[in-house]
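Report on one structure; see the data block that follows.
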Amino acid sequence: MQIHDARFICSAVTPEQYPPADLPEVAFAGRSNVGKSSLINKLLNRKNLVRTSKTPGCTQLLNFFEVNGRWRFVDFPGYGYAKVPGDVKRRWRPMVEAYLSGRKTLRGLVLLLDARRLPSPEDLAFWSWLRERRVRVVAVATKVDKLSRNDRARQVRTIATRLACAPASLLLFSAASGEGRDKLWAVLEGLLGERKTEDLGRICGEDSR
Ligand code: GTP
Ligand code: MG
């Protein structure tokens with residue numbers, strides 16, 4: 001995917017602060033520090049468009065970005081990290097639920113999971129919530145550069161089992177090496193209506209719709 005324009009639009013908590021609902025949108029979510037902001041930078045070929053940090057809790061609002069003047073990406077604040085301040089934690093659920101329940105232009109959500117870990121209770125609860133509400137979800141295992149080939153295969157099987165989805169539907173990604181970028185773009189293009197639906201096979205639960 002050629003990115004000729006990528007820009008930050010605004011941060012928002014409540015729907016009246018969102019940009020107008022006039023472009024197809026994809027959201028990126030996952031626990032704190034899993035690599036959401038780094039993944040978006042990699043997709044957009046930008047080093048620092050989205051702020052990243054070693055300290056979890058860097059992203060605290062819904063951050064909207066516009067890509068090629070055609071789509072919007074929404075970087076979510078992370079969940080599940082003990083040291084994230086209390087008011088950020090309390091704000092997360094209503095902020096995210098209002099967005100996911102009400103945003104008409106939402107085409108799907110990329111759920112990031114750390115390839116080295118088991119999905120946390122928060123990951124699994126959020127996953128179930130998304131499935132119940134029929135949000136289209138692309139599950140992505142991040143930081144795969146930190147795993148050996150053998151460990152990857154084992155982790156992919158384990159994570160997919162916990163999510164009750166096919167191992168082949170879990171996409172492997174590294175913001176460090178760029179691995180998985182083209183595959184993820186192919187899925188996103190399907191979600192955003194840029195190509196036919198053959199790549200939607202990556203979307204967990206698509207068959208049950
Ligand atoms: P919050 O905004 O706090 O929820 O975090 P986030 O999910 O946006 O994570 P962020 O992109 O800020 O990355 C967290 C840390 O992980 C940073 O130090 C990144 O450099 C590192 N990181 C992210 N993705 C990768 C990856 O694919 N490989 C490696 N090796 N490190 C990564
Ligand atoms: Mg972030």
Side-chain angles (χ1 to χ4, degrees), residues 3 6-13 25-67 72-97 99-100 108-127 129-130 137-153 155-156 159 170-185 187-188:
I3 307 298
R7 61 182 74 187
F8 171 72
I9 302 293
C10 66
S11 297
V13 176
E25 216 158 83
V26 172
F28 297 80
R31 61 179 288 145
S32 268
N33 213 41
V34 69
K36 298 173 292 300
S37 302
S38 303
L39 176 142
I40 296 175
N41 280 331
K42 195 73 203 176
L43 281 174
L44 301 181
N45 290 333
R46 299 290 190 278
K47 281 215 159 60
N48 294 311
L49 179 67
V50 192
R51 263 185 66 208
T52 64
S53 167
K54 284 191 171 44
T55 315
C58 174
T59 311
Q60 302 195 347
L61 305 163
L62 301 175
N63 287 324
F64 290 80
F65 298 86
E66 196 165 300
V67 184
R72 292 211 186 90
F73 281 6
V74 189
D75 187 20
F76 274 25
Y79 51 78
Y81 193 78
K83 287 187 185 148
V84 170
D87 60 331
V88 175
K89 275 191 196 160
R90 278 188 293 279
R91 207 163 51 185
W92 190 88
R93 198 182 166 107
M95 177 165 68
V96 162
E97 288 191 1
Y99 172 83
L100 292 172
L109 179 139
V110 178
L111 180 65
L112 283 78
L113 300 152
D114 190 320
R116 298 164 301 172
R117 295 161 168 256
L118 290 177
S120 67
E122 286 98 340
D123 289 326
L124 296 173
F126 188 43
W127 172 255
W129 188 91
L130 291 164
V137 185
V138 186
V140 173
T142 60
K143 308 194 185 182
V144 289
D145 55 283
K146 297 197 177 193
L147 285 176
S148 69
R149 292 269 156 195
N150 282 343
D151 287 344
R152 277 172 184 228
Q155 280 298 102
V156 165
I159 294 171
L170 191 64
L171 212 140
L172 304 186
F173 192 90
S174 165
S177 71
E179 180 180 343
R181 179 182 183 274
D182 293 347
K183 281 188 183 154
L184 182 52
W185 258 120
V187 180
L188 294 179

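Source: prediction; values computed, not measured. Both counts, for ligands and for their atoms, begin at 1 and track the order of listing.
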Which of the numbered atoms in ligand 1 are under 4.0 angstrom from any heavy atom belonging to [X]?
| X | value |
| --- | --- |
| Lys146 | 29 (C), 30 (N) |
| Gly78 | 4 (O) |
| Ala176 | 26 (C), 27 (O), 28 (N) |
| Ser38 | 10 (P), 11 (O), 13 (O), 19 (C), 23 (C), 24 (N) |

Quiz prompt | Phe173 ring center near Trp185 ring center (under 6.0 Å) | solution = no
Quiz item: Would you say Ser174 touches ligand 1, if touching means a heavy atom closer than 4.0 Å?
Solution: yes
Quiz prompt | Contact with ligand 1 for Val34, non-hydrogen, under 4.0 angstrom | solution = yes
Treating [X] as the side-chain partner and [Y] as the backbone partner, does any N or O pair qualify as donor plus acceptor under 3.5 Å?
| X | Y | result |
| --- | --- | --- |
| Arg181 | Lys42 | yes |
| Glu179 | Ser174 | no |
| Thr142 | Val34 | yes |

Practice problem: Check whether any side-chain heavy atom of Arg31 sits under 4.5 Å from a side-chain heavy atom of Asp114, and report yes or no. | Solution: no
Practice problem: Report yes or no: does Ser32 have an N/O/S atom closer than 2.8 Å to the Mg ion (ligand 2)? | Solution: no
Exercise. Could you tell me the separation between the CZ atom of Phe65 and the CG atom of Asn41, rounded to the nearest 0.5 Å?
Key: 7.5 Å
Consider every N or O of [X] and every N or O of ligand 1, then say whether any pair is closer than 3.5 Å.
| X | answer |
| --- | --- |
| Ala175 | yes |
| Thr142 | no |
| Arg51 | no |

Exercise. Compare every heavy atom of Glu25 with every heavy atom of Tyr99, then report the nearest pair and how far apart it is.
Key: OH-OE1, 2.7 Å
Quiz item: Can you tell me if Asp123 and Ser120 form a side-chain donor-acceptor pair at under 3.5 Å?
Solution: yes
Quiz item: Which one of Asp145, Asp75, Asn63, Val144 has a non-hydrogen atom at the shortest distance from atom 28 (N) of ligand 1?
Solution: Asp145
